[in-house]
Amino acid sequence: QMCIRDRCCTAIGEYVVDLSVLEMHGLFDGALFQGLRSNGVTVFNKPTLNEFMSLEKKYWQETRQTLQKLLRSDSPLKDNQNVIDQAFHKMLAVNLLLPVNIRDYTDFYSSKQHAFNVGSIIRGPQDALQPNWIHLPVGYHGRASSVVVSGTNIIRPRGQTKPPTEQQPIFSECKRLDFELEIGTFIGGKLNQQGHPIHIKNAENHIFGFVLLNDWSARDIQTWEYVPLGPFNAKNFSSVISPWIVTLDALEPFRVQLPNQIPEPLPYLRDPNLSSFDIKLEVILSPSESDILDTIVRSNFRYLYWSIPQQLAHHTVTGCNMSPGDLLGTGTISGPEIESYGSLLEQSWGGKEPVKLSNGEERTFLKDGDCVIMRGYAQKDDIRAVSYTHLRAHETPEHLVCRLLLEKKK
């Protein structure tokens with residue numbers, strides 16, 4: 001007989017740790033969690049992280065500090081084998097699920113190199129950036145319902161396209177299926193009421209953490225539909241995130257300043273700590289019916305123009321109210337070199353320059369059966385944080401939070 005229950009977990013090495021077990025045994029013993037416990041409030045014995053994410057940042061920080069204490073070699077857990085047996089499970093023995101009930105999903109367009117590349121392909125380098133791009137973080141509302149977790153198979157979409165050889169649009173399967181290398185930001189905390197913007201100085205208090213994000217794109221559908229309101233069916237069929245959320249505090253050692261923005265943004269967008277994080281990002285392509293793994297993209301989270309706080313401040317400046325579990329995508333993250341371009345659209349320059357693989361094959365866009373693996377990691381001295389998507393990895397970050405389906409024999 002199997003006991004199957006979704007629960008909130010953290011990761012340490014090859015293990016996942018059931019946070020609801022630690023909570024049940026009173027091991028979250030900081031002052032803030034003691035207050036919750038005295039009022040009969042639990043946050044980890046839930047199917048998703050939304051309730052925990054709805055707490056203020058100070059609760060997230062206390063949780064991280066407690067986990068660091070509990071996972072040390074001199075931990076008070078060391079001699080409590082009963083709790084260890086209940087809480088610790090091999091990573092390969094569990095199924096990782098979506099960590100959050102995603103209420104809303106917004107995708108931005110925050111990498112200047114990516115925006116320039118795409119604009120150059122469509123309009124030429126002289127008119128690559130639209131006039132508004134350097135004044136605000138451009139974005140569009142995506143579909144939360146089709147955000148899925150890493151490892152989910154994607155069905156090639158169908159839709160209306162207009163190939164250059166046709167006089168009228170046709171209905172066809174997508175022939176230009178593409179990935180987009182992005183970072184997703186989960187929003188949390190005590191959030192704003194409708195009509196009340198989030199000030200940019202307070203924006204980081206609402207950044208719960210980050211995931212890797214692949215915003216699948218049907219380029220031929222997009223080319224025909226995107227004028228005048230932007231992408232619709234070209235993006236709504238699927239976006240994929242990694243199951244592990246790397247918290248903002250865990251990435252603090254890897255913070256880097258972003259270049260000065262010219263022209264200076266309007267006051268509501270002036271980020272007092274204009275920064276991102278030095279996270280190396282890779283895309284590995286395993287072509288259909290082949291065992292090869294070719295790294296075709298090497299980019300970095302630092303290649304943003306608009307920061308995450310700027311994205312959140314702009315999203316709410318009209319008074320748009322956010323909810324715990326809302327997801328913001330950065331948009332494709334591309335760097336200055338061809339190998340750092342974060343999509344096949346850019347790497348193949350609109351399909352004109354095929355990407356060569358090590359087995360002699362070429363790709364302009366993805367073929368049926370191709371496997372896309374995205375990997376992100378940050379390392380500085382002896383500090384390392386790692387997160388994966390589309391990859392059942394053995395090495396995972398410490399002090400992250402996810403949700404899993406635990407199967408355990410009674």
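Residue indices begin at 1 and follow the sequence shown. In this text, all values refer to a predicted model and were calculated from it rather than measured experimentally.
If you look at His135 and His314, their ring centroids are not closer than 6.0 Å. The aromatic ring centroids of Phe254 and Phe301 lie 6.0 Å or more from each other.
For the residue pair Asn101 / Thr48, no side-chain donor-acceptor distance below 3.5 Å is found, with atom types taken as modelled. Using modelled atom types and a 3.5 Å distance limit, the side chains of Ser343 and Glu346 yield a donor-acceptor pair.
Residue pairs satisfying the salt bridge (Lys or Arg N to Asp or Glu O under 4.0 Å) criterion with at least one member in residues 206-216, sequence neighbours excluded, are listed as follows: Asp215-Lys235. The stretch residues 119-133 participates, sequence neighbours left out, in no salt bridge (Lys or Arg N to Asp or Glu O under 4.0 Å) pair at all.
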What's the verdict on side-chain hydrogen bond (donor to acceptor under 3.5 Å, both in side chains) for Asp271 and Ser307, showing C-alpha distance, side-chain angles and the deciding distance?
CA-CA 8 Å; Asp271 188 345; Ser307 70; 2.7 Å; yes

Verdict with supporting geometry, Arg7 and Ser20, side-chain hydrogen bond (donor to acceptor under 3.5 Å, both in side chains)
CA-CA 7 Å; Arg7 58 193 70 190; Ser20 69; 4.8 Å; no

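When Gln257, Arg302, Arg255 are each tested for a side chain to side chain donor-acceptor pair (under 3.5 Å) with Ser275, only one passes: Arg255. Among Gln34, Arg37, Lys69, the one residue that satisfies the side chain to side chain donor-acceptor pair (under 3.5 Å) test with Asp29 is Lys69.
Residue Gln193 qualifies as open at atom CD: its count of foreign heavy atoms under 6.0 Å is 12 or below. Residue Glu289 places its CD atom among 12 or fewer non-hydrogen atoms of other residues, nucleotides or ligands, all under 6.0 Å distant.
The aromatic rings of Phe208 and Trp60 lie perpendicular to each other, with more than 60° between the two planes, well past the 30° mark. Using a 30° and 60° split on the angle between ring planes, Phe44 and Phe33 fall in the parallel class, below 30°.
Taking SG of Cys8 as the reference point, atom CG of Leu49 lies at 4.0 Å (rounded to 0.5 Å). To the nearest 0.5 Å, atoms CZ (Phe179) and CG (Leu213) are separated by 13.0 Å. Between the CG atom of Leu181 and the CG atom of Leu281 there is a distance of 5.0 Å, given to the nearest 0.5 Å.
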Taking only distance into account, with no hydrogens and no angle test, what donor-acceptor pairs under 3.5 Å do side-chain atoms of residues 221-230 form with protein atoms, sequence neighbours excluded?
unit_1: Gln222; atom_1: OE1; unit_2: Arg219; atom_2: NH1; d: 3.2
unit_1: Thr223; atom_1: OG1; unit_2: Arg219; atom_2: O; d: 2.8
unit_1: Trp224; atom_1: NE1; unit_2: Gln160; atom_2: OE1; d: 2.9
unit_1: Glu225; atom_1: OE1; unit_2: Asn233; atom_2: N; d: 3.2
unit_1: Glu225; atom_1: OE2; unit_2: Phe232; atom_2: N; d: 2.7
unit_1: Glu225; atom_1: OE2; unit_2: Asn233; atom_2: N; d: 3.0
unit_1: Glu225; atom_1: OE2; unit_2: Ala234; atom_2: N; d: 2.8

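Counting heavy atoms from C-beta on, the side chains of Thr332 and Ser111 never come closer than 4.5 Å.
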